[in-house]
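Let me begin by presenting the structure, written as structure tokens, before commenting on it.
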Amino acid sequence: MLKSTGSWYEIEEEEDRYRCMARLRGVFKIAGLKVTNPVAVGDWVIFEKEQSHSGGYEITEILPRENYFIRKSTHKTGHDHLIATNLDQVLILFTLKMPRTSLGFLDRALITAEAYRIPTIIAFNKIDLFSDEELEELRYYSNVYEKLGYSCILASSIDKIGIDTMKESLSNKVTLIMGHSGVGKSTLMNSVFPDLDLKTSEISKFANKGVHTTTFAEMHSLEGDTYVIDTPGIKELGISEIEEEELSHYFPEMRALLGQCKFHNCQHTNEPGCAVITALEEGRIAPFRYDSYLSILSGDDNRR
Ligand SMILES: Nc1nc2c(ncn2[C@@H]2O[C@H](COP(=O)(O)OP(=O)(O)OP(=O)(O)O)[C@@H](O)[C@H]2O)c(=O)[nH]1
Ligand SMILES: [Mg+2]
Ligand SMILES: [Zn+2]
């Protein structure tokens, strides 16, 4: 499924790659998931011609998902929203300004991807805008994340930096593109795949808060087996389905210390003999990562 617009779904047939619009036949309930959207971008579905005369198509079955990227629904309490499914990787765009991405947001996205074992690439975007000092700050972050096993790419669509590397990383994969509104997701995809021609905002328009240029998540089928899913910017990312006790498992630097704390149920806040706190004190864990951990653990709402 490539795109959903209300009750209609745009789908691409696997072999002949023709496109059609389809509706859902009946109600789909997915065991164990309370979601606002039963079918998500990336889903493999079975469809057929509508039994009535209309000539339209109907989705009759959703095939089991390999993985999915999910967030808390912002308008329906207790429900989640599927952003996309069956992903090879997630690309998170981060900017230091215009607009600034918080490290808390980045870490929440990384944790969600970790929880579903989806490899992640971080693009530090719009580097043409930054002073030497800011670039230094970016390099510091990028170093920390590289060491944790995330590929980092410094990128700029204006100065054409990182475009070839990006193209290589995205080729023949299904990639979900994530980040706040205005970080340059659509612009970057246009730079990497010039045929794409996605709608982007002008600087003046983007200065207006609340303008979302991309309004639906949409999967774009490109050369070979390359698929990118451009999404509307999200303001905040509520983490779903992760228990407090398992949160540290999704921080690779803490996962590495699993079982080394004095207490087996250590939450790494102020317990004696905590291996995580020792690592923090010895500079083996970056303070800003530990801050993210604490803020997510305490349910603080710095999701933005
Ligand atoms: N300086 C600079 N500006 C950029 C760069 N990439 C994009 N922009 C500008 O950033 C603004 C937002 O770009 P978009 O590509 O529309 O952002 P988006 O992330 O797709 O935003 P939504 O669709 O609303 O989520 C536009 O004015 C772009 O021209 C870049 O590398 N450097
Ligand atoms: Mg966009
Ligand atoms: Zn501990």
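All ligand and atom numbering here is 1-based and tracks the order in the structure.
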Quick test of your reading of the model: are [X] and [Y] salt-bridged, counting only N-O distances below 4.0 Å?
X: R284; Y: E253; result: no
X: E50; Y: R23; result: yes
X: E223; Y: K167; result: yes
X: E134; Y: K97; result: yes

Would the distance check show the side chain of D88 and the main-chain N or O of K173 forming a donor-acceptor pair, the cut-off being under 3.5 Å? no
Measuring from the heavy atoms of G179, does anything fall under 4.0 Å of ligand 1? no
Which ligand 1 atoms are under 4.0 Å away from a heavy-atom of [X]?
X: L129; value: 1 (N)
X: S186; value: 15 (O), 20 (O)
X: G233; value: 25 (O)

Out of curiosity, T187 OG1 to L198 CG, how far, rounded to the nearest 0.5 Å? 8.5 Å
To the nearest 0.5 Å, tell me how far T101 OG1 sits from F124 CZ. 9.5 Å
How about F47 and Y9: are their ring centres within less than 6.0 Å of each other? no
With sequence neighbours excluded, residues passing salt bridge (Lys or Arg N to Asp or Glu O under 4.0 Å) with D128: none
Do you know which of D230, T231, T200 makes side-chain hydrogen bond (donor to acceptor under 3.5 Å, both in side chains) with S186? D230
Hey, which N, O or S atom on H268 ends up closest to the Zn ion (ligand 3)? ND1
Hey, is P232 touching ligand 1 through its side chain, its backbone, both or neither, going by heavy atoms under 4.0 Å? backbone
Under 4.0 Å between heavy atoms, the region of T187 that gets near ligand 1 turns out to be both
Heteroatom proximity flag, [X] to ligand 1, N/O under 3.5 Å:
X: G184; value: yes
X: G182; value: yes
X: T200; value: no
X: D230; value: no

T36-H81 side chain donor-acceptor pair, cut-off 3.5 Å: yes
Examine I62 and Y57 and state if one hydrophobic cluster contains both, with Ile, Leu, Val, Met, Phe, Trp and Tyr joined whenever side-chain heavy atoms are less than 4.5 Å apart. yes
For the Mg ion (ligand 2), report each protein N, O or S atom nearer than 2.8 Å, sorted by chain and then by residue number. S186 OG, T214 OG1
The option among H180, M189, K97, K126 carrying the non-hydrogen atom nearest to atom 10 (O) of ligand 1 is K126
